[in-house]
Structures are given as C-alpha cells and as structure tokens.
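In what follows, a single structure is set out as structure tokens and then discussed.
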Amino acid sequence: MPYPGRVRTVLVLGSTGSIGTQALEVLAEHPDRFALAGLAAGSRRALAHEQAARFGAEHVAMGIEETVDLVRTVEADVVLNAITGSVGLAATLAALEAGRTLALANKESLVAGGDLVRALAAPGQVVPVDSEHSAIAQALRAGRADEVRRLVLTASGGPFRGRTRDELRDVTPEQALAHPTWDMGLVVTTNSATLVNKGLEVIEAHLLFDVPYERIAVTVHPQSIVHSMVEFVDGATIAQASPPDMRLPIALGLSWPDRVPGVGRPLDWATASAWTFEPLDERAFPAVALAKRVGVAGGTYPAVFNAANEQAVLAFHARRLGYLDILEVVERVVDAHEPAGGPLTLEAVLEAETEARRAADAAIVRAAR
Ligand SMILES: NC(=O)c1ccc[n+]([C@@H]2O[C@H](COP(=O)([O-])OP(=O)(O)OC[C@H]3O[C@@H](n4cnc5c(N)ncnc54)[C@H](OP(=O)(O)O)[C@@H]3O)[C@@H](O)[C@H]2O)c1
C-alpha cells in the first residue's frame with residue numbers, strides 16, 4: 001500500500017560511509033516516503049557524485065565547510081548526520097540552527113558539543129540513529145519520563161569479549177577490526193573493540209534523554225539482538241529486539257515517529273536461539289567508567305576524551321601504540337585537561353580538541369618509548 005504521508009526530503013551527510021550507504025539504500029527502496037535533497041562526503045568525490053546522479057540530486061558537498069554550507073542553504077525536512085568523528089559538530093549545529101530535524105548517527109558531535117548542542121535543539125528535534133538510542137527512544141514510549149528508573153545499554157562486547165586485561169596486551173589492529181556483528185568504519189570499529197564506543201553512547205544517552213549517569217547501565221549482550229532497554233519504576237523492563245541491521249534505526253530516524261514497513265527482517269521464532277547478558281569487565285574495558293567520569297565533569301571534558309581517543313586509535317593503527325595504551329593515553333590526557341571555564345562555545349570545543357590531540361601525541365610518543 002503506498003504511504004499516505006508526505007515525502008520527506010533528506011540531506012545525507014557522510015553518504016559514502018557505512019551508515020550513509022545504508023541510508024541511501026533505504027531511500028532507494030522507499031521513494032514514496034523519502035527523496036534525496038543532497039549529500040555530503042569527505043574524500044570519496046567520485047562515489048559521492050555517482051550517488052547523487054543515481055538519485056538525481058543536484059547538491060553535493062565535499063569536506064566539512066561545504067557540508068555546513070549545504071546544510072544552511074539546501075531545503076530539507078531531515079538532515080542525517082552520518083559523518084564520522086567530532087568534525088561533524090559544525091554540521092550538527094548548522095542543522096539545528098536551520099530548524100531541520102536532525103537524524104543523528106554522528107554521536108561524537110553530540111558528545112563533543114554537549115550542552116552547546118542541547119541548548120540549540122528544540123524538543124524532539126534530534127532523533128537518534130544509533131541502534132541503542134533508537135531502541136531506548138522506542139522503549140520510552142511505554143511509560144512517562146518520571147516512571148523511568150534506568151536506561152540499560154547493550155554492548156556486543158566486541159571481538160575481545162571474555163579476554164582478561166593481560167590477554168589484551170598484544171592484540172593487533174587486524175584483530176580489533178574483526179567486529180562480530182556490525183560492519184562499520186575504522187575508528188568506530190576500533191571503538192567497539194575498546195568499548196570507547198559504549199562510553200560515548202552512555203554520554204549520548206545522558207544528553208539525549210536527560211537521565212543522570214548513575215541511572216545509565218551497560219550490559220554485555222553478544223548476540224546484538226536486544227538493542228537496549230528501559231527499566232521502569234515498577235520493575236518492568238521494556239526492550240527493543242530485532243536482528244542486527246542498521247537500516248531499521250536509520251529508517252526510523254528518518255521517518256520518526258512512523259515505522260517503515262519491511263525495512264528490517266523480524267526475529268525468527270521457529271529457530272531455537274538464546275540471548276545472553278553478562279556484566280561488563282571494567283578492568284579489561286575501562287572505557288565506560290572513564291566516559292562516565294568525563295560525562296559527569298561535562299564542559300569540554302567529553303570533547304577531550306573523544307579527541308584524545310581518535311588520536312590514539314590512529315596511532316594504534318599506525319602501529320605506534322599498543323592496544324592497552326589507547327585508554328591509558330586517553331586517561332592521561334583527560335586528567336591533565338584544564339577547562340577554560342565560561343559557557344561552552346564551538347571555539348572552546350575546537351580549542352580543547354586541538355590541545356587534546358597535541359597532548360595525546362606527546363603521550364603516544366612517551367608510551368612508545
Ligand atoms: N556504522 C555503524 O554501524 C554505526 C552504528 C551506529 C552509529 N554509527 C555512527 O555513525 C557515524 C558514521 O559511522 P560510519 O561507520 O558510517 O563511518 P564511516 O564508514 O567511516 O563513514 C564516515 C563518513 O563521513 C564522511 N566524512 C569524513 N570526514 C568528513 C568531513 N570532514 N566532511 C564531510 N564528510 C566527512 C566520510 O566521507 P569519505 O568516505 O568520502 O571520506 C564517510 O562518508 C559515526 O559517528 C558512528 O559512530 C555508526
């Protein structure tokens with residue numbers, strides 16, 4: 001049956017990446033619901049132009065400055081920010097300033113921007129695309145905000161689940177990139193292995209849903225079927241479950257609050273299966289605890305955490321840093337951070353990030369000795 005609603009026009013930022021290409025698949029399969037208004041990418045120019053031509057979209061931006069211009073000047077109902085890294089912050093702010101609905105995959109921009117992003121966003125203007133936050137948004141529909149006791153984020157545990165800290169010492173970049181369930185970009189995949197991604201998601205959950213950090217929990221669920229849960233005051237827990245497929249939260253993010261029929265496969269109850277949950281080993285994976293600490297500190301701390309991590313991950317892939325050193329470098333940089341004070345501005349965030357990358361580089365050199 002054709003969709004009776006209006007076609008939503010969409011700007012896809014980060015169109016050449018993992019989320020971006022899956023978003024374009026969703027758009028291509030549902031022309032009755034979505035139309036591509038334009039797209040933006042970083043370096044893969046030929047692919048971006050090919051994508052635009054396929055959809056008959058006129059507007060293509062390359063790099064963050066052109067992306068921000070695109071967001072400011074091209075009319076669209078929804079901006080999907082699927083850029084990777086905190087470089088996407090300027091695009092997030094531009095989309096909010098332009099009054100667009102922001103379907104947000106680029107969690108790093110929310111984490112780095114923190115209260116700056118929150119202050120600009122009207123209620124409901126930011127719709128999560130991250131599968132965990134989409135799951136929470138869906139589960140929150142089951143009760144009132146004052147009935148929520150805890151948000152419970154699920155983590156697959158990554159490729160190193162079950163290993164002790166000592167067993168993690170010599171893991172290689174290749175091993176870190178072998179993610180069991182999701183197909184993602186280099187930094188995001190590495191962040192899944194270190195659990196930094198889960199740490200960023202805890203901060204993201206706090207900022208999106210306004211629940212204090214002590215009421216945000218993480219549980220390890222290797223099957224990645226339950227995408228997250230909300231626990232209510234009466235002891236009921238509402239979970240959102242579906243086979244791992246980002247197209248479901250992408251489509252819901254673009255069409256929120258309407259569901260897009262057929263976008264994902266449902267669970268198969270005719271086959272035996274088991275879902276397991278286990279506590280996170282915080283000694284082997286200290287990233288979530290550190291993320292909560294920087295989240296509570298607020299201001300420029302989360303931006304520093306994320307920037308230092310990006311730098312350390314790149315050094316790990318360049319084989320200039322060991323796996324366990326990634327979090328040690330990040331913690332050292334966070335602990336040495338001296339916030340400027342005053343209200344959070346884009347300039348303050350960018351300055352803190354630059355300083356964090358410089359401090360991380362120095363710590364990486366020291367760790368390599
Ligand atoms: N992949 C997942 O399953 C998943 C799930 C949940 C959340 N997320 C989040 O979604 C975001 C994207 O992840 P991903 O896995 O799709 O990353 P990815 O595959 O690395 O793709 C990143 C995209 O950002 C573009 N980009 C990079 N720098 C840019 C710049 N300066 N200006 C404009 N565009 C730029 C890239 O363009 P070029 O390739 O052309 O350089 C590419 O299109 C991340 O924030 C991630 O945390 C991802």
Side-chain angles (χ1 to χ4, degrees), residues 11-26 38-52 59-71 79-92 94-95 102-113 117 127-136 153-156 158 177 179-205 208 224 227-228 244-253 264 291 306 309-310 313-314 317 350 353:
L11 281 178
V12 176
L13 315 183
S15 64
T16 52
S18 165
I19 293 288
T21 49
Q22 293 179 81
L24 292 183
E25 282 174 28
V26 170
L39 51 80
S43 55
R44 285 178 273 181
R45 184 177 295 274
L47 176 56
H49 281 277
E50 188 192 301
Q51 291 173 328
H59 305 281
V60 179
M62 297 304 297
I64 195 62
E65 279 175 29
E66 287 183 25
T67 300
V68 168
D69 271 354
L70 177 90
V71 172
V79 173
L80 169 66
N81 187 351
I83 293 174
T84 194
S86 59
V87 67
L89 174 57
T92 282
L102 175 65
L104 188 66
N106 178 223
K107 70 193 89 181
E108 300 90 335
S109 65
L110 178 60
V111 167
V117 175
V127 181
V129 168
D130 231 351
S131 55
E132 293 78 359
H133 304 77
S134 175
I136 289 172
L153 276 82
T154 53
S156 74
L177 290 181
H179 193 273
T181 26
W182 301 105
D183 175 20
M184 309 173 288
L186 179 112
V187 175
V188 191
T189 310
T190 312
N191 289 351
S192 298
T194 57
L195 273 277
V196 162
N197 188 49
K198 209 49 56 182
L200 295 174
E201 286 176 8
V202 168
I203 300 174
E204 182 184 9
L208 282 173
S224 298
H227 298 295
S228 279
D245 181 349
M246 281 306 295
R247 282 172 307 179
L248 192 160
I250 291 169
L252 190 55
N306 180 59
N309 175 65
E310 284 182 8
V313 167
L314 296 179
H317 284 284
L350 297 178
E353 285 187 336

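We count ligands from 1, going down the list as the structure has it; atoms in each ligand are counted the same way. These numbers were taken from a predicted model, which means no experiment stands behind them. In this chain, numbering begins with 1 at the start of the sequence shown.
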Taking non-hydrogen atoms only, is [X] closer than 4.0 angstrom to ligand 1 via side chain, backbone, both or neither?
| X | result |
| --- | --- |
| Val188 | side chain |
| Asn106 | both |
| Ala82 | backbone |
| Thr16 | both |
| Met246 | side chain |
| Ser15 | backbone |
| Arg45 | neither |

Does [Y] offer a backbone N or O that forms a donor-acceptor pair with the side chain of [X] under 3.5 Å?
| X | Y | answer |
| --- | --- | --- |
| Glu204 | Leu200 | no |
| Asn81 | Gly88 | yes |
| Gln51 | Ser15 | yes |

Determine, using heavy atoms of Gly63 and all atoms of ligand 1, whether some pair is separated by less than 4.0 Å.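 A heavy atom of Gly63 does come that close to ligand 1.
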Considering distance alone, does some N or O of [X] sit under 3.5 Å from an N or O of ligand 1?
| X | value |
| --- | --- |
| Asp130 | no |
| Ser43 | yes |
| Ala40 | no |
| Met62 | no |
| Ser131 | no |
| Leu186 | no |

Asn191 side chain to Lys198 side chain, donor-acceptor N/O pair below 3.5 angstrom: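 Asn191 vs Lys198: no donor-acceptor pair found between side chains.
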We want to know whether His133 and Ser228 form a side-chain donor-acceptor pair, criterion being a heavy-atom distance below 3.5 angstrom.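 Per modelled atom types, His133 and Ser228 side chains form no pair under 3.5 Å.
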Please list, chain by chain and in numerical order, all residues satisfying side-chain contact (heavy atoms from CB on, under 4.5 Å) with Ala112, sequence neighbours excluded.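 side-chain contact (heavy atoms from CB on, under 4.5 Å) check on Ala112 returns Ser86, Ala303, Val349, Glu353.
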Which residues pass the side-chain contact (heavy atoms from CB on, under 4.5 Å) test with Ala103, sequence neighbours left out?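 With sequence neighbours excluded, Ala103 shows a side-chain contact (heavy atoms from CB on, under 4.5 Å) to Val78, Leu80, Val129, Leu254, given in chain and number order.
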Of [options], which has the heavy atom at the shortest distance from [atom]?
| atom | options | answer |
| --- | --- | --- |
| atom 30 (C) of ligand 1 | Gly20, Ser86, Gly42 | Gly42 |
| atom 11 (C) of ligand 1 | Ile83, Leu104, Val111, Thr189 | Ile83 |
| atom 39 (O) of ligand 1 | Gln51, Gln22, Glu65, Arg44 | Arg44 |
| atom 44 (C) of ligand 1 | Glu108, Lys107, Glu132, His133 | Glu108 |

Return the [atom1] to [atom2] distance between [X] and [Y], rounded to the nearest 0.5 Å.
| X | Y | atom1 | atom2 | answer |
| --- | --- | --- | --- | --- |
| Leu252 | Ser131 | CG | OG | 12.0 Å |
| Leu208 | Ile203 | CG | CD1 | 12.0 Å |
| Leu13 | Ile19 | CG | CD1 | 13.0 Å |

Pick one: which of Ile83, Leu104, Leu110 meets side-chain contact (heavy atoms from CB on, under 4.5 Å) with Thr92?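 Exactly one option meets the side-chain contact (heavy atoms from CB on, under 4.5 Å) with Thr92, and it is Leu104.
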Atoms in ligand 1 flagged as close to [X], the criterion being non-hydrogen separation under 4.0 Å:
| X | value |
| --- | --- |
| Val87 | 31 (N) |
| Ile19 | 1 (N), 2 (C), 3 (O), 4 (C), 5 (C), 10 (O), 16 (O), 48 (C) |
| Thr67 | 33 (C) |

Can you find a pair of side-chain heavy atoms, one from Thr84 and one from Asn106, that are under 4.5 Å apart?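 In short, these two side chains do not touch, never coming nearer than 4.5 Å.
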Within a strict 4.5 Å, meaning less than it, do heavy atoms of the His227 and Leu248 side chains meet?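 Not in contact.
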